[in-house]
Visitor: 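Quick one: the structure is below, questions incoming.
Sequential numbering from 1 along the given sequence is applied to the chain's residues. Read the numbers this way: they start at 1 and go in the same order the structure lists the ligands and their atoms.
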Amino acid sequence: MLREPQATVPPLARDTATAATAVAHPNIALIKYWGKRDERLILPWTDSLSMTLDVFPTTTRVRLDPEAAHDEVTLNGEPATGEAHRRVGAFLELVRERSGLSQRAVVDTRNTVPTGAGLASSASGFAALAVAAAAAYGLGLDATGLSRLARRGSGSASRSVFGGFAVWHAGPADAAATQADLGSYAEPVPTADLDPALVVAVVNAGPKAVSSREAMRRTVDTSPLYRPWADSSRDDLADMRAALGRGDLEAVGEIAERNALGMHATMLAARPAVRYLSPATVTVLDRVVRLRRDGVPAYATMDAGPNVKVLCRRADAARVADAVREAVPDGTVLVAGPGPGARLLNEDG
Ligand code: DP6
């Protein structure tokens, strides 16, 4: 006898749940996002491409509280203050506008990555918040919708909605706001078998002196190198897609490294200059060059902080990690692989 198909709950779209918990992982861009053309909608000038990691997850619970007069946000057990509180509040306001619900929320976030140290805590943070808040407020979004929503919290979060490699489309540059917003989301990138690892060298886990938001703005507004980098980044993306498609890790690494160094060059040329790279960063970069000379394909990328992520084959990861540890004995070095996309957890865990 034929049976009725069981009603299934799509993992990323539920009816209003009152409370929902989501987990998301950070991603590291191999083609960088640097520079917004619209600050309010968080629309970038260029497409970017990243690998979501299997380390440093953020877990976020959002619970609607009909009694509360304000959103209550806790970050690792401490009440969030200042900019962090403001950004989460503004994000929840956006979710409320879309849901038609006015209830405030209690948000509890657990980050396992140092916050604000250029290790993409805002990517995992806003991806987890987007997935949990969309479920709690019953937005019923698919993965593309969640990626657009996460983007409004932090641009790079749009990519953490997906696992593995993801590309974030800048969206049409000359379109009206609604069309531009609709066109700017991330999606998975097809890749051949790469078996990649990212060796993460945390040389300084402290918060950065200049936020990436401010540094990006300053670069776009004042750096004479910004335009040339943005133009070359478009070519880098095309080359990167081709390299991923044929599983050419050496080409992937070379393109990622040149794209990241170019991004840092744009910041160094900003007025006043933004310099995230420290002496320890350069020590790791030198070590990576030596590894290559010794025949180990290893390539560096850096974000808005001094920490270095070294792309290599998984089979070489232990050797690369040892070399980096030796170069920066005071740092923390760990090996990450491609990780999963953001997802809801059952409320019972
Ligand atoms: C250097 O996504 O943190 O890590 O959109 O202003 O929140 P906002 O910026 P954010 O910037 C990340 C910049 C980067 C490069 C990247 O991840 O692509």
Visitor: State, without any angle test, whether Tyr137 and Arg96 hold a side-chain donor-acceptor pair at a distance under 3.5 Å.
Guide: yes

Visitor: Restricting to non-hydrogen atoms, name the atom on Arg37 and the atom on Pro44 that form the minimum distance, rounded to 0.1 Å.
Guide: NH1-O, 2.6 Å

Visitor: How far is atom 6 (O) of ligand 1 from its nearest protein heavy atom, and which residue and atom name does that atom have?
Guide: Lys36 NZ, 2.6 Å

Visitor: Have Thr60 and Thr109 got a donor and an acceptor in their side chains that come within less than 3.5 Å?
Guide: yes

Visitor: Provide, to 0.1 Å, the distance between atom 15 (C) of ligand 1 and the closest protein heavy atom, together with that atom's residue and name.
Guide: Tyr33 O, 3.3 Å

Visitor: Considering non-hydrogen atoms of the protein only, which is the closest contact for atom 7 (O) of ligand 1, and what is the distance?
Guide: Ser154 OG, 2.6 Å

Visitor: What is the nearest protein non-hydrogen atom to atom 11 (O) of ligand 1, stated with its residue, atom name and distance?
Guide: Met216 CE, 3.3 Å

Visitor: Does Ser212 have a heavy atom less than 4.0 Å from any atom of ligand 1?
Guide: yes

Visitor: Write down the atom of Ala280, the atom of Val203, and the distance for their closest heavy-atom approach.
Guide: CB-CB, 3.8 Å

Visitor: For Arg151, is the nearest heavy atom under 4.0 Å from an atom of ligand 1?
Guide: no

Visitor: With a 4.0 Å cut-off on heavy atoms, does Arg87 reach ligand 1?
Guide: yes

Visitor: Under 4.0 Å from a heavy atom of Ile42: which atoms of ligand 1 are those, numbered in the order shown and with their elements?
Guide: 5 (O)

Visitor: Just checking, any donor-acceptor pair under 3.5 angstrom between side chains of Thr281 and Ser278?
Guide: yes

Visitor: Considering the heavy atoms of Ala29, write down every atom of ligand 1 situated less than 4.0 Å from one of them.
Guide: 16 (C), 17 (O), 18 (O)

Visitor: Among all the protein's non-hydrogen atoms, which is closest to atom 4 (O) of ligand 1, and how far away is it?
Guide: Asp303 OD1, 3.4 Å

Visitor: When you check the gap from the basic side-chain N to the acidic O, do Arg40 and Asp38 get nearer than 4.0 Å?
Guide: no

Visitor: Any nitrogen or oxygen of Arg213, side chain or backbone, less than 3.5 Å from one on ligand 1?
Guide: yes

Visitor: Just verifying a value: how many Å separate Arg159 CZ and Met51 CE, rounded to the nearest 0.5 Å?
Guide: 12.5 Å

Visitor: Taking Asp322 first and then Arg325, would you say they form a salt bridge - that is, a charged N and a carboxylate O separated by under 4.0 Å?
Guide: yes

Visitor: Would Gly155 count as a polar contact of ligand 1, with the cut-off being nitrogen or oxygen pairs under 3.5 Å?
Guide: yes

Visitor: What protein heavy atom sits nearest atom 2 (O) of ligand 1, and how far away is it?
Guide: Ser156 OG, 2.6 Å

Visitor: Could you tell me whether Asp108 and Arg63 make a salt bridge, using a distance below 4.0 angstrom between a side-chain N and a carboxylate O?
Guide: no

Visitor: Can you name the closest pair of heavy atoms from Ile255 and Asp236 and give their distance?
Guide: CG2-O, 3.5 Å

Visitor: At a 4.0 Å threshold, what atoms of ligand 1 neighbour a non-hydrogen atom of Ser122?
Guide: 3 (O)

Visitor: Note the single closest protein heavy atom to atom 17 (O) of ligand 1, along with its residue, its atom name and the distance in Å.
Guide: Arg159 NH2, 2.8 Å

